[in-house]
Visitor: 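Take a look at the following structure, please.
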Amino acid sequence: METAYNPKNVEDRIYKFWEEHGYFSASASAKKPFSIVIPPPNVTGILHMGHVMDETPQDILVRFKRMQGLETCWVPGTDHAGIATQNAVEKQLKKEKTSRHALGRAKFLERVWEWKKQYGDTIIQQLKKLGCSCDWSRLRFTMDEAYSAAVKDVFVRLYEKGLIYRGNYIVNWCPRCLTALSDEEVENVDTVGGLYWIRYHFKDDKDKYVVVATTRPETMLGDTAVAVNPSDERYKGLIDQTLILPIMKREIKIIADEIVEKDFGSGAVKVTPAHDPNDFMMGQKHNLEFINILSPDGKMNQNAGEYKGLDRLECRKRIIERLANEGLLEKQEKYSHAVGHCYRCNTMIEPYLSLQWFVKMKPLAEPAIKAVRTGDVRFFPEHWSKTYLNWMENIRDWCVSRQLWWGHQIPVWYCEATAESRPIGTKDACPPIVSRETPTKCPKCGNTNLIQDEDVLDTWFSSWLWPFAVFGWPKQTEDLKYFYPTNVLNSGKDIIFFWVSRMIMAGLEFTGKPPFKDVYIHGIARDSQGRKLSKSLGNSPDPLALIDKYSADAIRFGIMANIPLGGDINLSDETYESGRNFCNKLWNASRLILGAEKPKNERTEELKKCFEDKWILSRLNTTISDYTKALETYEFSEAAHLIYHFFWSDLCDWYLEIIKPRLYSNDKTVASIIPHIFSSTLRMLHPFIPFITEELWQKFLEPVEAKRHTGSYPERSEGTEQYPTYFSSESVMIAPWPKSDSAQIDEQIEKAMETNIGIIRSVRNIRNKMNIERKQALDLIISAEATKMLDDIKPHQELIKHQANLSKIEMGVKLAKPKHSATEIVSALNLFIPLEGIIDPEAEKKRLQDRLAKIQEQLTLVNNKLSDEKFKSRAPEAIIQKELLRQEELTKQSVNLEEALREL
RNA sequence: GGGCAGUUAGCUCAGUUGGUAGAGCGCUUGGAUCACACCCAAGAGGUCACAGGUUCGAGUCCUGUACUGCCCACCA
């Protein structure tokens, strides 16, 4: 074996090995199921570190559960990501100096499918590189034929139930993507802009005017009223009076509405029903005219008169100038407010009146709220349920139609008469035909010229069905019955509203069950400075490059060991280095074992165990228990720390160092315990670092297999954990999960070992401070002060002597005795290392005095406490006993120290 | 404006039902010893944001304050 672990070539070979053995596939069986559906990555591009954060915990859980013996199914797939993918392909077309409009819908869609093929395949390859143990036979795409059928089915069901409606409303409009967006797809960014105060003169009294304030002055071209609060004294008597809208010279009325805030601006607000949600409501209420002044691309339209064709922002500039020139601009001031931007292209969105399809959300939200309230669906960490509930309780209807080409075309057909144009406010002559199948004629008028709605559905309208659609829903398949609901959903906090909440609603609505029991929310990957990872900042590393440099195992372990509970992680080279170092340590520890002696795989029970053997077995079983518990509750970094500590500190630093002589001398007990420990450790580590554990498993397996070949070893008995089969299975991936044997857990032994370690460290510390070579054997004298320790230490003298290189240990020696030679005192333990000729009596005296002062100070505190009536009457007995012991101990120490000082 | 987190070692974070603060990295010192320098040994470093309260005892529970981050929101 090489001195350093070299993951190159190992990982690909191992992954192939797993695939060829069919370990990933799952099917309905008598076993208990465990299922996870992957949050399908968008086919917009290749994977980034955010995906690694997303997939790694899932693979850990899946591997963990598979080893626990559950029928484990991880469904992989990708998402068509309508708007995002369409944008990506459009960008590509732009580079080719063409556009989707030049290509036409059909040709364009061909291009997107090509794109999807390319990136979808790449994503799958990347997931494999990362080690993901998905059931690849179940690979799904949100635009698969069967999946599309499910989407249609859902649309029709909701429509029939009256939960889908079509109507003219103000929606979030992206003038670049040329589509409506849902509220969730708008990112509000605090922006400093201007607040403009404009004078609207009265028709009858040209000298008088009302001042309105606005941040979007260009919308005044579409004003059809000015509104004030009915209780506003300033405007009493002015209601219903007529104003002349500047520039357009249109006559508009002053209306009264409660919605107007008296305290904002002048208390009077211009009303533009076609370009503001509030104004829209007022427009309906007061029967105002709706004047749309914008084209879909954000330019002014014919209703803007001379400004037609200008971009809205350019128009804004000109309007301001003109108003100023005409003396109608009362004032302008800087104003900071939230402005919506498209979450895909970052263009400033416009509130825009258009005909769209909506889903009524309140009826869907109610059961979904209940599911989380009652604990049918649980969030980890729990506090995310509050965020979820807060949003769900204030949910608003969902605009699901998108004016895009890439996506599920809406399963609605119109009679030709009403399909072409969609004039605002007009009603279709024939009602739309909402159908799973393509209809042949209009059921009302019999017309056979039907035109399908050109729009597609919001991409999330398909992904909210993911947990059951991947199992064949709406068909009641075996898979659906067996694997659904899934066990846990893994997601980033950024898509709780987009996806998690909607899946819960869809699951309950369409299957009657919540789609998963647990939701594990992980944080977001950031760079070492805490910034979000993004292409433009250049701080978003390519996972494949990192895997190439550090190995997939290193990335996985590094991230999972360092990720705070539910918090964001700052990624840096150190993160991956720590993972790499850990793997290398594992490699080398195995190398020590495999090089020293082939594993014997023999029974341990009959062999005589030394103290350290019992200790490491106790530690092992404690670790198995705690580690398993941590994984069950999604505490990945906690789990990683537990196993890290057990392996590196307990096993490598102490146990292996202690047993080295026995290892080289072929001690039978060691030779049987070691395979047991390594087998369990490799199995525990496998979910985190699957590749190297498999590679090592195979190496441990070699001698065993060799013996089987020669017939000197019994055949493998599958699936048992019984000796002599520590390495019973052909792959660690299908090996049984280690079980904690509570009979081997011994707290006293673990405590005793801690004491031993403390003593050994103290001696080493003294060596260090005094520059004493390790080769030079020392005498250790333990003072009588440390009476309590003596019994603990006695049985382990040999161990301590060997680890600390001591020639002898003398116990119960009074502090005063080594006054001519004691040179260093370890205060906590009262150890003395006698050495001739180095003592400085003055320094020694000072040291003792300081220590005495400290002890007396503590003694006073304890005495005070013990004489406190309240403490005596209320503190638990165990605590009082502890204090009494401490008092005794401190008293003894102070007496000894005083005596030592006198003798000095 | 509302909601949710957070404030503990130089940095990133743990801290289980209240019982005298831990890890990794970094730093300091020493070390080519026959698993590993991607290593080993040892060490230094903390008024647990602040102020009150409950308690025999508070990093931990309660109230308030300050600051940081995130999310939601139709004051134009």
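Below, chain A is the first sequence line, B the second, and so on; all start at residue 1.
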Visitor: Base, sugar-phosphate, or nothing: which does A/Y550 touch, judged by heavy atoms less than 4.0 Å apart?
Guide: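 Counting heavy atoms under 4.0 Å across all strands, no contact is made by A/Y550.
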Visitor: Could you measure between the two C1' atoms, the one in B/G57 and the one in B/A66, and give it in whole Å?
Guide: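 The answer is 28 Å between these two C1' atoms.
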Visitor: In whole angstroms, how far is the P atom of B/C72 from the CG atom of A/L389?
Guide: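 The answer, rounded to whole Å, is 16 Å.
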Visitor: Across all strands, who's sitting opposite B/C72 as a Watson-Crick or G-U wobble pair, both distances under 3.5 Å?
Guide: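 With both distances under 3.5 Å, B/C72 matches B/G1.
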Visitor: Under a 3.5 Å cut-off for both contacts, is B/A9 paired Watson-Crick or G-U wobble with anything, and if yes, with which nucleotide?
Guide: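 Result: none.
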Visitor: Between A/F582 and A/F557, is the ring centre distance below 6.0 Å?
Guide: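 Aromatic pair counts; centres sit under 6.0 Å.
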Visitor: Just to be sure I understand the rule, does A/H383 reach a base, reach only the sugar-phosphate, or reach nothing, if contact means heavy atoms closer than 4.0 Å?
Guide: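 Sugar-phosphate only.
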Visitor: Taking only the C1' atom of each, what is the distance from B/G22 to B/G53 in whole angstrom?
Guide: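 Here B/G22 and B/G53 have their C1' atoms 29 Å from each other.
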Visitor: OP1 or OP2 of B/C75 versus the side-chain N and O atoms of A/Y335: is any pair under 4.0 Å?
Guide: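 False: A/Y335 side-chain N/O out of range (4.0 Å or more) of B/C75 OP1/OP2.
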Visitor: Between B/A21 and B/G64, how far apart are the two C1' atoms, rounded to whole Å?
Guide: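 About 26 Å, rounded to a whole number of Å.
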Visitor: Starting at the 5' end of RNA chain B, which residue's closest nucleotide do you reach first, A/N394 or A/I563?
Guide: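 Nearer the 5' end of the strand: A/I563.
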Visitor: For A/N278, report the nucleic acid contact type (base, sugar-phosphate, nothing); a contact means any heavy atom under 4.0 Å.
Guide: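 Touches a base.
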Visitor: Please report, rounded to the nearest Å, how far the P atom of B/C74 is from the CD1 atom of A/I170.
Guide: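 The distance from CD1 of A/I170 to P of B/C74 comes to 13 Å, rounded to the nearest Å.
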Visitor: Could you check which of B/A73, B/A76, B/G3 has an atom nearest any side-chain atom of A/N390?
Guide: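 For the A/N390 side chain, the nearest candidate turns out to be B/G3.
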Visitor: Specify the separation, in whole Å, of atom CD of A/E393 and atom C1' of B/C4.
Guide: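 Distance, rounded to whole Å: 14 Å.
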Visitor: From the list B/C25, B/C13, B/A76, which nucleotide is the closest neighbour of the side chain of A/E574?
Guide: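 Nearest listed nucleotide: B/C25.
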Visitor: Atom CD1 of A/I569 to atom C1' of B/C13: distance rounded to whole Å?
Guide: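 Interatomic distance, CD1 of A/I569 to C1' of B/C13: 10 Å.
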Visitor: Answer yes if the ring centres of A/F498 and A/Y343 are under 6.0 angstrom apart, and no otherwise.
Guide: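 Close enough - the centres of the two rings lie under 6.0 Å apart.
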Visitor: Base, sugar-phosphate or nothing for A/S578? Non-hydrogen atoms, less than 4.0 Å.
Guide: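 Since no nucleic acid heavy atom lies under 4.0 Å of A/S578, the category is nothing.
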Visitor: Give me the distance, rounded to whole Å, that separates B/U63 from B/A23 when you measure between the P atoms they each carry.
Guide: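 About 33 Å, rounded to a whole number of Å.
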Visitor: Once the angle between the rings of A/F497 and A/W391 is folded into 0 to 90°, is it parallel (under 30°), tilted (30 to 60°) or perpendicular (over 60°)?
Guide: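 The arrangement is parallel - the two ring planes meet at less than 30°.
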Visitor: Should A/Y235 and A/I254 count as side-chain neighbours, where that means a heavy-atom distance under 4.5 Å?
Guide: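 Side chain of A/Y235 against side chain of A/I254, heavy atoms only: no contact under 4.5 Å found.
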Visitor: Only pairs with both distances under 3.5 Å count, Watson-Crick or wobble alike; so what is the partner of B/G45 in this structure?
Guide: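 Across any shown strand, B/G45 pairs with none.
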Visitor: Between B/G19, B/C72, B/C75, which nucleotide has the shortest distance from any of its atoms to the side chain of A/F871?
Guide: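 Within the option list, the nearest is B/G19.
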Visitor: Look at A/R373 together with A/E393 and state whether they make a salt bridge at an N to O cut-off of under 4.0 Å.
Guide: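 Judged by the 4.0 Å cut-off on N to carboxylate O distance, A/R373 and A/E393 do form a salt bridge.
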Visitor: Would you mind checking if A/E350 and A/R216 are paired as a salt bridge, meaning a charged N to carboxylate O distance below 4.0 Å?
Guide: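 Looking at A/R216 and A/E350, the cut-off is met.
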Visitor: Please give, in whole Å, the distance from B/A76 P to A/F280 CZ?
Guide: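 The distance from CZ of A/F280 to P of B/A76 comes to 20 Å, rounded to the nearest Å.
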Visitor: Is there a Watson-Crick or G-U wobble partner for B/G64 with both distances under 3.5 Å, and which nucleotide is it?
Guide: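 Pairing partner, where one exists within any strand: B/C50.
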Visitor: Should the heavy atoms of other residues, nucleotides or ligands under 6.0 Å from CD of A/E333 be counted, would the total exceed 12?
Guide: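 Above 12, so yes.
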Visitor: NA contact type, A/P277, heavy-atom cut-off 4.0 Å: base, sugar-phosphate, or nothing?
Guide: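 No contact.
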Visitor: Looking at every strand, decide which applies to A/V212 at a 4.0 Å heavy-atom threshold: base, sugar-phosphate, or nothing.
Guide: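 No contact at all - A/V212 keeps every heavy atom at 4.0 Å or more from the nucleic acid.
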Visitor: Between B/U8 and B/G3, how far is it from one C1' atom to the other, in whole Å?
Guide: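 Here B/U8 and B/G3 have their C1' atoms 26 Å from each other.
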Visitor: Mind checking the C1' distance from B/C36 to B/G31? Whole angstroms is fine.
Guide: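 The same atom, C1', in both gives a distance of 15 Å.
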Visitor: Output the distance between atom CG (A/D232) and atom NZ (A/K262), rounded to the nearest 0.5 Å.
Guide: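 Answer rounded to 0.5 Å: 6.0 Å.
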Visitor: For A/R216 and A/Y644, take the nucleotide of RNA chain B holding the closest heavy atom to each; which residue's nucleotide lies nearer the 5' end?
Guide: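 Nearer the 5' end of the strand: A/Y644.
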Visitor: Taking atom C1' in both B/U68 and B/C75, compute the distance separating them and give it to the nearest angstrom.
Guide: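 The same atom, C1', in both gives a distance of 27 Å.
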Visitor: If you measure from the C1' atom in B/U29 to the same atom in B/A44, how many Å do you get, rounded?
Guide: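 These two C1' atoms come out 10 Å apart once rounded.
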Visitor: So what's B/G59 paired with, Watson-Crick or G-U wobble, going by both distances under 3.5 Å?
Guide: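 Across all strands, not a single nucleotide pairs with B/G59.
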Visitor: Could you check how far CD of A/E635 sits from P of B/A14, rounded to whole Å?
Guide: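 Taking atom P of B/A14 as the reference, CD of A/E635 is at 11 Å.
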Visitor: Identify the nucleotide, in any strand shown, that forms a Watson-Crick or G-U wobble pair with B/A14, with both distances under 3.5 Å; if there is none, say none.
Guide: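 When the pairing criteria are applied, nothing turns out to pair with B/A14, so the answer is none.
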Visitor: Is the A/Y352 to A/W173 ring centre distance short of 6.0 Å?
Guide: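 Close enough - the centres of the two rings lie under 6.0 Å apart.
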Visitor: Can you measure A/D650 atom CG to B/A23 atom P for me and round it to whole angstrom units?
Guide: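 Atom CG in A/D650 sits about 13 Å away from atom P in B/A23.
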Visitor: Searching all strands shown, indicate the nucleotide that pairs with B/A32 (Watson-Crick or G-U wobble; both distances under 3.5 Å).
Guide: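 By the stated definition (distances under 3.5 Å), nothing pairs with B/A32.
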Visitor: If you compare every side-chain N and O of A/R526 against the phosphate oxygens of B/G69 (OP1, OP2), does one of them come in below 4.0 Å?
Guide: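 For B/G69, neither OP1 nor OP2 has a side-chain N or O of A/R526 closer than 4.0 Å.
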Visitor: In whole angstrom, what separates A/D397's CG from B/C74's C1'?
Guide: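 Atom-to-atom, A/D397 to B/C74, this comes out as 16 Å.
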Visitor: What string of B, S and - do you get for nucleotides 35-46 of chain B, 5' to 3', when a contact is any protein heavy atom under 4.0 Å?
Guide: BB-BSSBSS---
Visitor: Kindly assign one of parallel, tilted or perpendicular to the pair A/F636 and A/Y520, based on the angle between their ring planes and the thresholds 30° and 60°.
Guide: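 Perpendicular: the ring planes of A/F636 and A/Y520 meet at over 60°.
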